[in-house]
Amino acid sequence: MNIEKDDFTLKSYDPSDIEQKWQNNWAKFKAFNADSEKGGEPFCIVIPPPNVTGSLHMGHAFNTALIDVIVRFQRLRGKNVLCLPGTDHASIAVQTILEKQIKKEGLDLEEIGREEFMKRAWKWKEESGGNIVSQLKSIGYSVDWGRERFTLDDQLNKAVVSAFVLLHKRNLIYRGEYLVNWCPSSQSAVSDLEVEMQEVNGFLWHFKYPLIMDDQNVEDQYLEVATTRPETLLGDTAVAVNPEDKRYQNLIGKYVKVPFVNREIPIVGDSHVDMSFGTGCVKVTPAHDPNDFQIGKRNNLKQINIMNKDGTLNNNAGKFENLDRFQARKQIIQELDDIGLLTKIENYTHTVPFSDRGKVPIEPLLSTQWFLKMENISSDCLDKLNSNEPNFIPLRWQKVYKDWLTNINDWCISRQLWWGHQIPAWYVLNDSEDKVDQSTPYVIAHDENEALNIAKEKFGLNIKLVRDKDVLDTWFSSGLWPFSTLGWPSTDSKDFQKWYPNSLLVTGFDIIFFWVARMTMMGNIFTAKIPFKDVYIHGLVRDENNKKMSKSAGNGIDPLLLIEKYGSDALRFALIREVAGAGQDIRLDFDRKKQTSSTVEASRNFANKLWNATKFALINTTKNVNIEKIEFESNKLELSDQWILSRLNKTKNKVTDLIHNYKLGEAAKLIYEFTWNDFCDWYVEFLKPRFNANESSSRSNDENLLIHILNDILIMLNPFMPHITEELWHALNNHSQNKLLSLQKWPSISSDHINNDLEKSFEEFFEIIRLIRNLRAEIGLKPSQLISIYLISNNSKLLNFLTKLASDIKLFTKSENVYIFQEAEINKKDYAKSFSGIVGDLEVYLPFEGIINLDILRERLTNDLSKVNKEIEVLSKRIENKNFVEKAPKDIVNECKLKLDEANSQSKSIIQKLKMLD
RNA sequence: GGGCGAUUAGCUCAGUGGUUAGAGCACUACCUUGACAUGGUAGGGGUCACUGGUUCGAAUCCAGUAUUGCCCA
């Protein structure tokens, strides 16, 4: 683990040299394996388990980076941290992938058989899961790999079965015939959430149903209806009108005849019918439309299912049997037209439900499914939300969660798939029976033995059991994730005792309903607790065109590509730096031709800067450093030392606070600014002359302070850039064998060192340096050309301060002499033909008589004057405003007055100089 | 139709009522200096979407409009 310093100083930064090495070291030392026996306040996150559908995308990298920063931070803060990794089996998605492969081989599911299919599925899981784990490792995730879980593990299956049995015991699970969202492509029911509404340019077909009147000729009178789905007329069991509708009131109770199937159906009154839409008459197909289903219930209508599960019509469709639903539509329109019943075709834009996975229109289908009653479960969660359980960050996402829980429907939890948790339900048949139907009794049990015992007790000995073939919705097992991973249903497991409820959940806003709400509901039922205290919601990663990155759109960027190019540290830092406004989507720039990202490149450059700053320290410090014992003496500190310590402690203070408040982007920016601007740009420059001097009594103190500062930077940055900081810390430290930066302590803050007045003075100092450099540039001096500088002011405190830093001014401005004068001591006329500028109440002169073109000088002064005059104008207007003086806070008014005074004297001075030029 | 966001420099974004609105990238000029050219120094670049209001004072608060993104029905 130890690194030779001499070798290090020769190297330049290349992330590929170091990242793999530290990932291996962390693994070797089991650095992030949690120990429930250890003390310390527990902190637990279970990661959102990625689907085993191939590989990770940028969204996962983003989520990972955020979680890892928080987890590493809490670890450095001394908490007993568990970060538990795992993957999700993703029933529909994985089964779809496998079915496609099988189809390519010219086979279908039935030919393959359940056993062979499951073999293939597990093989796929091993490959995809392994791939995902190695990707997570290459990001540098500090999770406990010893506790990795998969949602289909035996232990998690035990949890799922127990959960199902418990829910059933509490009468929350039922088997019922309802209209479900049927995906004819995957031939499974899907939940509301897996349905995507899409706007479609379709048609509204108007056609006539012949009225059946007791006293008149049937053929003469018609009722006109309009529909976007004419094929469903075969399943119509009524026509509904609004009872208030004068046009049709008298027809309620009469009948019309459905063409083709020649069914006589009633005209019913239902107040939900919109009189102004279409003709005001609605054909009602209770078995194929959610609204019609409700009308049917209210009016006791028959439900006639006309559809097979693959989307073809069944024998209720008469002569249209076996036609595909869309083919049937065409043919029915044609035939309606042929017999003169089609009256009108309107263009009509409407929204059609599509299956999220199957990408075909959903068919609302009457079928027998398993449901979970949601009413009480969700209202219990809503109650807890009143006391901020869980606490959403940012808070506005709470509303999304709340609205969904408020308008919730029962959850269809069965899926007609093979890959997943098989439902622990056994149908009870007589020895002679072999067909399960809607009325077949069933028992729910943990296993077949238990089921058999229960069944025998209930139904006698001459029975046999058939297990339900279906599996549970994937989100059913995901809902248990925060506690099934910790050993539940056993609640006395050490992990569960120590780390439940979890401290935090970090996830994207797109799965607040899918996952967050399911976890809170399941958690609340089974543990009487909301499973996590905080929920930190982040945005999605979008591509350069502001489109959500997704596999289907093909616009994803492989995180590994960027890691290879710029390093994981750079990718992590780039993603986090972009987060500043939490919960906002982030847009990652990416040049697809060059395969580059300037955002990530900027972060890589920052890493390089840090690398070289450390190299500077290594070159200039003694070779035997024990970083944990580094101390410096406060009485040997120079002004610049005091300044950097003030900046450092302020930064530590703010960064600590920001991370606690999940403002990771701001924290990252702050460390970046401190490291680059304060430390590298200025402080290292202050140190150079000291280190270049041959002898100095404070040399070792200087070195110790430098290492102290770097050490603090490295620890603060460690959660964001774990690899490079680990590498540099070991490079600096000669006593780091068997130690890891990742397991050190977060730096303590000494507020004694914070000195706001000093920081202000240094700000002014930097302004002066910038002005002088700027003046030099304007004159066109070469960097090598040395000059003299005159600093003149009446502010003796400032002059005193500058005198102490005179040698630094010399160095920073390439000057051979720096002269500092009280105004009284000099005659400004002597400097009339100098190049000059003003900072606050200090005037700077660069005497260059003869060399400078007086016109340039005059132009500069004139520009300065107009700027100052503008300022005077603005400020005096403000001061002359009585309301401002009376109502604004005093310190604001005073500040304004001071500024005006300063501007006035600046103006005077410039005018004087201009006069002297003439 | 309901809800939630966004609109600030060429680009990506900070900025919760108080100087002359900031950063990174990009751009321009100069610079191979003993940490770093993955760099340094200096510079140019903004009618804070629009319209009204509140206020001594608005990018910031309120109302409306426009454009745009997402969620739900």
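In what follows, chains are A, B, ... by sequence order, proteins preceding strands, each numbered from 1.
Put simply, the residue from A:F514, A:W397, A:F392 that forms a ring pair (Phe, Tyr, Trp, His ring centres under 6.0 Å) with A:F509 is A:W397.
Candidate nucleotides B:A35, B:G39, B:G18 were compared by shortest atom distance to the side chain of A:I892, and B:G18 ranks first. Nearest to the side-chain atoms of A:R396 among the listed nucleotides B:C36, B:C4, B:C56 stands B:C4. Distances from the side chain of A:P889 to the nucleotides B:C36, B:G18, B:A42 place B:G18 closest. Comparing B:A35, B:G18, B:C13 by their nearest atom to the side chain of A:K669 picks out B:C13. Taking every side-chain heavy atom of A:C680 into account, B:A35 is the closest of B:A35, B:C56, B:G39. Checking B:U41, B:G39, B:C36 against the side-chain heavy atoms of A:N605 singles out B:G39 as nearest. Nearest nucleotide to the side chain of A:Y13, out of B:G18, B:A35, B:U38: B:U38.
Between A:R773 and B:A42, a side-chain N or O to OP1/OP2 separation shorter than 4.0 Å is present. Put simply, A:W676 has a side-chain N or O that comes within less than 4.0 Å of OP1 or OP2 on B:G40. Contact annotation: A:N774 reaches the phosphate of B:G43 (side-chain N/O to OP1 or OP2, under 4.0 Å).
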Between the protein and nucleotides 21-23 of chain B, list the N/O to N/O atom pairs that are separated by less than 3.5 angstrom.
none

Give every pair of a protein N or O atom and an N or O atom of nucleotides 70-73 of chain B that lie under 3.5 Å apart, one pair per line with the distance.
none

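A donor and an acceptor atom sit less than 3.5 Å apart, one in the side chain of A:K688 and one in the base of B:A35. Taking 3.5 Å as the limit, the base of B:C36 and the side chain of A:K615 contain no donor-acceptor pair of atoms between them.
Atom CD1 in A:I769 sits about 15 Å away from atom C1' in B:G40, given to the nearest Å. Distance CD (A:E895) to P (B:U20): 11 Å, rounded to an integer number of Å. Note: CD (A:E886) to P (B:U55) measures 15 Å, nearest angstrom. One can place CG of A:N863 at 11 Å from P of B:G44, the figure rounded to the nearest angstrom. The nearest whole Å value for the distance from the CG atom in A:L588 to the C1' atom in B:U12 is 10 Å. When the P atom of B:U38 is taken as reference, atom CH2 of A:W611 falls 16 Å away, rounded to whole Å. Note: CD1 (A:I713) to C1' (B:A35) measures 13 Å, nearest angstrom. A:L775 has its CG atom 10 Å from the P atom of B:G43, to the nearest Å.
A:R690 and A:S640 share a side-chain donor-acceptor pair at under 3.5 Å. No side-chain donor from either of A:T596 and A:D591 sits under 3.5 Å from a side-chain acceptor of the other. For the 3.5 Å distance criterion, the side chains of A:N756 and A:K650 qualify, holding a donor opposite an acceptor.
Comparing B:U47 with B:A42, their C1' atoms are spaced 28 Å from each other, to the whole Å. Separating the P atom of B:C13 from that of B:U19 is a span of 26 Å, rounded to the nearest Å. With both ends at atom P, the span from B:A26 to B:A35 equals 24 Å, rounded to whole Å. Across the P atoms, B:G40 and B:G24 are found 10 Å apart, a figure rounded to whole Å. Taking atom P on both B:G45 and B:G53, the two are 32 Å apart, rounded to the nearest angstrom. For the C1' atoms, the distance linking B:U7 with B:U65 amounts to 13 Å, nearest Å. If you take atom C1' in B:U60 and the same atom in B:G69, they sit 23 Å apart, rounded to whole Å. With both ends at atom P, the span from B:G17 to B:C61 equals 8 Å, rounded to whole Å.
Each of A:A607 and A:N883 was matched to the nucleotide of RNA chain B holding its nearest heavy atom; the match closer to the 5' end belongs to A:A607. Both A:N612 and A:A602 lie near RNA chain B, and the one whose nearest nucleotide falls closer to the 5' end is A:A602.
The aromatic rings of A:Y662 and A:Y536 lie parallel to each other, with less than 30° between the two planes, well short of the 60° mark.
No engagement by A:C896 is indicated, since no non-hydrogen atom pair under 4.0 Å with the nucleic acid exists. Counting any heavy atom pair closer than 4.0 Å across all strands shown, A:N881 reaches sugar-phosphate atoms only and no base atom. Among the protein residues, A:S598 comes within range of the sugar-phosphate backbone only, with heavy atoms under 4.0 Å from sugar or phosphate atoms but none that close to a base. Among the protein residues, A:A888 comes within range of the nucleic acid bases, having at least one heavy atom under 4.0 Å from a base atom. Among the protein residues, A:E685 comes within range of the nucleic acid bases, having at least one heavy atom under 4.0 Å from a base atom. Residue contacts shown for A:R587 are limited to sugar-phosphate atoms, with no base heavy atom under 4.0 Å away. Residue contacts for A:R878: at a heavy-atom cut-off of 4.0 Å it reaches the sugar-phosphate backbone alone, with no base atom in range.
Put simply, CZ on A:F679 and CD1 on A:I671 are 14.0 Å apart, with the number rounded to the nearest 0.5 Å. Note that CE of A:M716 is 14.0 Å distant from CE of A:M721, once rounded to the nearest 0.5 Å.
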- prompt: What's the verdict on side-chain hydrogen bond (donor to acceptor under 3.5 Å, both in side chains) for A:D403 and A:N407, showing C-alpha distance, side-chain angles and the deciding distance?
  reply: CA-CA 6 Å; A:D403 286 351; A:N407 302 311; 5.6 Å; no

- request: Please assess A:W682 against A:F762 for the test ring pair (Phe, Tyr, Trp, His ring centres under 6.0 Å), listing each intermediate value before the final yes or no.
  value: CA-CA 10 Å; A:W682 291 110; A:F762 267 87; 9.0 Å; no

task: Check the pair A:L610, A:W676 against side-chain contact (heavy atoms from CB on, under 4.5 Å), reporting the backbone distance first and the verdict last.
output: CA-CA 8 Å; A:L610 179 70; A:W676 202 314; over 6 Å; no

Audit row: A:K669, A:E666, salt bridge (charged side-chain N to carboxylate O under 4.0 Å, His left out) steps and yes/no: CA-CA 5 Å; A:K669 277 179 200 160; A:E666 280 179 61; over 6 Å; no

- request: Kindly indicate, with the supporting measurements, whether the criterion side-chain contact (heavy atoms from CB on, under 4.5 Å) is fulfilled by A:F62 and A:I586.
  value: CA-CA 10 Å; A:F62 182 42; A:I586 65 171; 3.8 Å; yes

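A salt bridge links A:E685 with A:K688; the closest basic N to acidic carboxylate O contact falls under 4.0 Å. Under the 4.0 Å criterion applied to side-chain N and carboxylate O atoms, A:R699 and A:E703 are assigned as salt-bridge partners.
For the pair A:R577 and A:Y672, the cation-pi test (distance below 6.0 Å, angle within 45°) is passed.
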- request: Represent RNA chain B in dot-bracket notation, 5' to 3'. Only Watson-Crick or G-U wobble pairs with both distances under 3.5 Å count; pseudoknot-style crossings use [ ] and interstrand partners use |.
  value: (((((((..((((....[...)))).(((((.......))))).....(((((..]....)))))))))))).

